Amino acid sequence: MRAATETTDPALPSPDVLAERLLPWFDAHNRTELPWRRPGTTAWGVLVSEIMSQQTQVARVAPVWEAWMARWPEPADLAAAPTADVLREWGRMGYPRRALRLQECARIIAEEHGGTVPADPAELEKLPGIGNYTAAAVAVFHYGGRHAVVDTNVRRVVARLGGRSDAGTATTRADLAAAAALLPEDTATAARVSLALMELGALVCTARKTECGTCPVTAECGFSGQELPEGPSRKRQRYKGTNRHVRGEVMALLRDADGPVERARIDAVWTDRRMVDEAVAQLIADGLIGTDEQGRFELPSR
DNA sequence: AAGTCGGGGAG
DNA sequence: CTCCCAGACTT
């Protein structure tokens, strides 16, 4: 039953119909060989993979994850590592603050959870850098819980099933509720549906184009056959020439340096001195870089 | 709800 | 070249 104030969007398919259409397609098309999907991967390994995959393509994450897990197999291992080593191993995956938060996660899990990654999404969300998506992903993909796993792909697919061209800029409570309403009762099946929705959004129902002709749920979709609107759906910040770009260059310099770096070498990464000042100040404030007794710059020792 | 936070790969 | 990626967090 719907309230009169709600829109008249097409009804979403029932969970059972969705699963019936989606899962055979998923069995035939799901990519993977992703290393963290191998049997025997720990909850910690899954958590690390999900943090690394936040806004970084999984293909780029895979080799870093392999080296990372070989070096620091358990939370206590990462907790004890020098932060400089952690940031170097993170490499060029972007958003290095994720690496800091991941190490904080390791310390909290090691010290307050006896080294065991929580299975409850609410508990996981208390950890730094873990939001709704990552918490659900760990709880479902490792622990096998029954929760909606809502990433950008799932939000887009669910929006289109409901007749819209795309989801909004931010994840809303309505997005989460709509995705949860699509989960079948059976817990193991629900987990596969979540992964299948993500995969459908990555391979068929993508941001740039729809392939309704090959989509397994085209008959149940409110947007099927419609054209995507022209132009960018979301405003995006340029990267080149931004303050963010300068920070990236400073971090790259310090990652590749053998020891502490003089200010003069920092200044050499960018022509605009004021932008370097701003970048360095922000990196220090974020805990991504530090200074030694002589005022030289380096990655944080702890 | 909009801005900010990297860097690279795909189109 | 532009756009987007298994998002989280702050404002």
Side-chain angles (χ1 to χ4, degrees), chain A residues 30-32 34-37 45-65 87 90-102 104-105 121 124-142 147-157 166-176 179 191 194-203 205-209 211 228-255 278-279 282-283 285-288:
Chain A
N30 89 83
R31 304 170 290 181
T32 61
L34 294 175
W36 48 87
R37 295 297 177 216
V46 172
L47 174 49
V48 171
S49 79
E50 295 297 345
I51 298 279
M52 289 182 172
S53 299
Q54 292 167 359
Q55 296 293 285
T56 301
Q57 295 92 325
V58 293
R60 274 209 297 153
V61 167
V64 179
W65 183 87
L87 289 169
W90 192 262
R92 305 186 64 82
M93 287 200 300
Y95 294 144
R97 293 192 299 182
R98 289 183 295 165
L100 297 184
R101 291 175 182 147
L102 181 54
E104 291 177 50
C105 277
L124 284 160
E125 277 200 56
K126 294 178 184 172
L127 298 171
I130 299 187
N132 181 278
Y133 164 77
T134 303
V138 171
V140 172
F141 299 147
H142 181 80
H147 315 279
V149 185
V150 185
D151 74 334
T152 185
N153 291 307
V154 173
R155 291 205 306 127
R156 181 174 58 249
V157 170
D166 200 352
T169 55
T171 303
T172 64
R173 213 163 285 119
D175 291 336
L176 300 177
S194 289
L195 200 49
L197 284 172
M198 291 170 59
E199 200 71 351
L200 189 71
L203 298 181
C205 194
T206 67
R208 289 173 184 265
K209 62 181 173 47
E211 292 184 356
L228 291 177
E230 295 290 325
S233 54
R234 306 174 191 184
K235 306 205 187 307
R236 287 175 196 285
Q237 182 187 23
R238 291 282 82 73
Y239 175 63
K240 281 165 67 171
T242 61
N243 176 264
R244 201 167 169 181
H245 188 172
V246 183
R247 283 194 300 272
E249 294 297 326
V250 174
M251 288 300 293
L253 174 64
L254 294 187
R255 275 198 310 269
E278 173 73 4
Q282 287 184 338
L283 290 171
D286 284 346
L288 284 165

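All chains are named by letter (A, B, ...) in the order of the sequence lines, taking the proteins before the strands, and each is independently numbered beginning at 1. What you are looking at is a predicted structure, and each value in this text was computed from that prediction instead of being measured. Computation of the quantities below employed the complete heavy-atom set of this structure, encompassing side-chain atoms and omitting hydrogens, waters and symmetry-equivalent molecules.
- Note: CD (A:Gln55) to P (B:dT4) measures 15 Å, nearest angstrom.
- Within the 3.5 Å criterion, the main-chain N or O of A:Asp286 finds no donor-acceptor partner in the side chain of A:Arg97.
- Taking the P atoms as reference points, B:dG6 lies 16 Å from C:dT11, given to the whole Å.
- The nearest heavy atom of DNA chain C to A:Thr56 and to A:Ala135 marks one nucleotide each, and the one closer to the 5' end goes with A:Thr56.
- At whole-Å resolution of the value, CG in A:Asp151 and C1' in C:dA8 are 14 Å apart.
- Within 4.0 Å (heavy atoms only), A:Gly131 reaches sugar-phosphate atoms of the nucleic acid but no base atom.
- The OG1 atom of A:Thr171 lies 7.0 Å from the CG atom of A:Asn132; values are rounded to the nearest 0.5 Å.
- Counting non-hydrogen atoms under 4.0 angstrom, A:Met93 reaches a base of the nucleic acid.
- Atom NE2 of A:His245 and atom P of B:dG7 are 8 Å apart (whole Å).
- In this structure, A:Asp166 places its CG atom 15 Å from P of B:dA1, rounding to the nearest Å.
- Side-chain contact between A:Leu47 and A:Thr134: present, with at least one pair of heavy atoms (C-beta onward) separated by less than 4.5 Å.
- Residue A:Tyr239 has a polar side-chain atom (N or O) positioned under 4.0 Å from OP1 or OP2 of B:dG7.
- At least one side-chain nitrogen or oxygen of A:Arg92 sits closer than 4.0 Å to the OP1 or OP2 atom of B:dG8.
- Residue A:Thr134 is classed as a sugar-phosphate contact, given heavy-atom separations below 4.0 Å to backbone atoms only.
- A close approach under 4.0 Å does not occur between any side-chain nitrogen or oxygen of A:Thr169 and OP1 or OP2 of B:dA1.
- Rounded to whole Å, atom P of B:dG6 lies 11 Å from atom CZ of A:Arg255.
- A:Arg247 contributes no side-chain N or O that, together with a main-chain N or O of A:Thr242, makes up a donor-acceptor pair within less than 3.5 Å.
- Between B:dC5 and A:Gln54, no contact under 4.0 Å exists linking OP1 or OP2 to a side-chain N or O.
- Residues A:Tyr133 and A:Gln54 have side chains that never bring a donor and an acceptor to within less than 3.5 angstrom of each other.
- Within the 4.0 Å cut-off from OP1 or OP2 of C:dC1, at least one side-chain nitrogen or oxygen of A:Lys240 is found.
- When the side-chain nitrogen and oxygen atoms of A:Arg247 are compared with OP1 and OP2 of B:dC5, one or more of them lie within a distance under 4.0 Å.
- Listed candidates were C:dG7, C:dA6, C:dC4. Nearest to the side chain of A:Tyr95 is C:dG7.
- Straight-line distance between the C1' atoms of B:dC5 and C:dC1: roughly 23 Å, to the nearest whole Å.
- To the nearest angstrom, P of C:dC4 lies 17 Å from CZ of A:Arg60.
- Across the protein-nucleic acid pair, A:Leu127 atom CG and C:dA8 atom C1' stand 13 Å apart, rounded to whole Å.
- Without hydrogens or angle criteria, A:Trp65 side chain to A:Gly45 main chain gives a donor-acceptor distance under 3.5 Å.
- Side chain of A:His245 to main chain of A:Gly241: a donor-acceptor pair is present (N/O by atom type, distance under 3.5 Å, no hydrogens or angles).
- As rounded to the nearest Å, B:dG11 and C:dA6 have P atoms that lie 13 Å from one another.
- For A:Gln57 and B:dG7, a side-chain-to-base donor-acceptor distance below 3.5 Å is present, hydrogens and geometry of angles not being considered.
- You won't find any donor-acceptor pair under 3.5 Å spanning the side chain of A:Arg208 and the base of B:dG11, going by distance alone.
- Of the listed nucleotides (B:dG6, C:dA6, C:dG7), C:dA6 has the atom at the smallest distance from the side chain of A:Met198.
- When rounded to the nearest whole Å, the span between CZ of A:Arg97 and P of B:dG6 equals 6 Å.
- At the heavy-atom level, A:Trp36 lies under 4.0 Å from base atoms of the strands shown.
- Nucleic acid contact class of A:Asn153 (heavy atoms, under 4.0 Å, all strands): sugar-phosphate only.
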